[in-house]
2 protein chains.
Amino acid sequence: MRPPRISRAQVLDATFDLASEAGLAAVTMRAVAARLDVTPMALYRHVGDKQGLLDGLVERLMAEITVPDVAPEEDWRAVLRSMARNIRAVARRYPDVFVLLFQRRAVTEGAQGPRQVVFRALRAAGVPEGELAGTERMLSTFVYGFAASEAGGRFAGLNIEAEFDYTAGHVEKLIEALAADSR
Amino acid sequence: MRPPRISRAQVLDATFDLASEAGLAAVTMRAVAARLDVTPMALYRHVGDKQGLLDGLVERLMAEITVPDVAPEEDWRAVLRSMARNIRAVARRYPDVFVLLFQRRAVTEGAQGPRQVVFRALRAAGVPEGELAGTERMLSTFVYGFAASEAGGRFAGLNIEAEFDYTAGHVEKLIEALAADSR
DNA sequence: ACCTGAACACCGTTCAAGT
DNA sequence: ACCTGAACACCGTTCAAGT
């Protein structure tokens, strides 16, 4: 019987700080433990193992994806673009952690907040109810792919903002077409 | 003066085989060396370091992306779908290696063959010359994002073929719209 | 219940030496 | 030029022990 010296939240905070400052490669059980002035083995009770630590890191990353405070009914285009820009910014700040999103299906699990905002925006655009879920998945697949490409340097040498506007414009037309079909 | 016992090609072959059989985590300098009956240090002359080994692995992965033998002028939709299916198959077979594509910009470097095929298909669809490059990037970003999502399990619980058809259908409409605008 | 300490089986990489 | 051997500074994780 002993009072806990550290919590899962503290472990994840330390992990996230470490990843922000020194990248994913610096995230080791030992380094995280050192930050908390604790033995590596102390972490196992709180996060399971290294895999669990990384899952927690992805959780924290998802929490970084904030929701714009524009009302979706006002301007659905602005809402969607602002969400996409936010996701891209997160990808740029944590490029190596970001790709973990693809491997952990956390994209569907957590971040229900952002998803609801996208739903409202798509509804405001006139996308029929039955197409909402499919469209949201299509959209998020696109945005995450774009953000990962950008953060990984796949668009190196290009004008990325122009690239984004080009793509976003076409996706908006796609959404408009979906709305028009339903009428 | 001594005859070489191994070549870069052999090292990469062993690396690729190892990754296919046991996943990316099993790819260590020591394990690759053991496959070639050689000391770990022998690899350094041929691939530089671990990073260089992984770059070579991505090279090999790109080479797995084959080009359909349908003439693009015949049915551009079939060509694009067949390429997308092939990329998805590669992602499913090597899920953890596949995400490295996002981090190495190899997508733009190598694989010029597939890119040319996409160009021809888009031309056949009627996409104007000036929009070809941008459309191809948009398309590949989409396909790679979809493939990575699928391989990583982000679509778990969904009918993935239906999901693909849904998305592909909308992307085709997007391409048709691009072609129509130019007339 | 929670943490420590020592130990085990791994890593990538250096450096000097051998042929 | 090409490979080896020993060594260094790391890893994640186990297990028994302490409080």
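Any value given below was found using the heavy atoms of this structure, including those in side chains, with hydrogens, waters and symmetry copies removed. All values derive from a computational prediction rather than experimental measurement. Below, read A as the first sequence line, B as the second, and so on, with proteins coming before strands; counting in each chain starts at 1.
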- Query: Listed in order of residue number, which residues of residues 21-35 of chain A have a non-hydrogen atom at under 4.0 Å from DNA chain C?
  - Reply: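 Residues of residues 21-35 of chain A that come under 4.0 Å of DNA chain C do not exist, since none gets that close.
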Worksheet entry | For DNA chain C, the residues among residues 2-14 of chain B that have a non-hydrogen atom under 4.0 Å from it |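 Under 4.0 Å from DNA chain C: B:Arg2.
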B:Asp69, CG: over 12 other non-hydrogen atoms inside 6.0 angstrom: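 No.
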Cut-off 3.5 Å, no hydrogens considered: what does the side-chain donor-acceptor table look like for residues 33-41 of chain A, sequence neighbours left out?
unit_1	atom_1	unit_2	atom_2	d
A:Arg35	NH2	A:Glu21	OE1	2.5
A:Arg35	NH2	A:Glu21	OE2	3.3

- Query: So what stems show up for DNA chain C if we need 3 or more Watson-Crick or G-U pairs in a row, all under 3.5 Å?
  - Reply: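 In DNA chain C, stems of three or more pairs: C:4-8 with D:12-16, C:12-16 with D:4-8.
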Tell me whether [X] is salt-bridged to [Y], with the criterion being a basic N under 4.0 Å from an acidic carboxylate O.
{"X": "A:Arg8", "Y": "A:Glu59", "result": "yes"}
{"X": "B:Glu161", "Y": "B:Arg85", "result": "yes"}
{"X": "A:Lys173", "Y": "B:Asp181", "result": "yes"}
{"X": "B:Asp165", "Y": "B:Arg81", "result": "yes"}

Exercise. First locate atom CG of A:Leu101, then atom CG of A:Leu61, and finally report the distance between them rounded to the nearest 0.5 Å.
Key: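 So the gap between those two atoms works out to 5.5 Å.
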- Atom pair CZ (B:Arg88) and CD (B:Glu150), whose distance is rounded to the nearest 0.5 Å: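 With rounding to 0.5 Å, CZ (B:Arg88) is 4.0 Å from CD (B:Glu150).
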What orientation do B:Phe155 and B:Phe146 show, parallel under 30°, tilted 30 to 60°, or perpendicular over 60°?
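B:Phe155 vs B:Phe146 ring planes: tilted.
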Kindly assign one of parallel, tilted or perpendicular to the pair A:Phe16 and A:Tyr94, based on the angle between their ring planes and the thresholds 30° and 60°.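 Rings of A:Phe16 and A:Tyr94: tilted, as their planes differ by 30° to 60°.
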Q. Hey, where on DNA chain C does chain A first and last touch, going 5' to 3'? Cut-off is any atom under 4.0 Å from a heavy atom.
A.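 Contact boundaries, 5' end first: C:dA1 to C:dG5.
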_Ignoring hydrogens, what is the shortest heavy-atom contact between B:Asn86 and B:Ile65? Give both atom names and the distance._
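Minimum heavy-atom separation between B:Asn86 and B:Ile65: OD1-CA, 3.2 Å.
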**OP:** Name every residue in residues 36-49 of chain B that has at least one heavy atom under 4.0 Å from any atom of DNA chain D, in order of residue number, or write none if there are no such residues.
**Re:**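 Nucleic-acid contacts, sorted: B:Val38, B:Thr39, B:Met41, B:Ala42, B:Arg45, B:His46.
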Review point. Do A:Phe102 and B:Phe102 have ring centres separated by under 6.0 Å?
Key: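 Yes, the ring of A:Phe102 comes within the 6.0 Å limit of the ring of B:Phe102, centre to centre.
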Any heavy-atom pair between the side chains of [Y] and [X] that's under 4.5 Å?
{"X": "B:Val47", "Y": "B:Thr15", "value": "no"}
{"X": "A:Val97", "Y": "A:Leu57", "value": "yes"}
{"X": "A:Tyr44", "Y": "A:Met29", "value": "yes"}

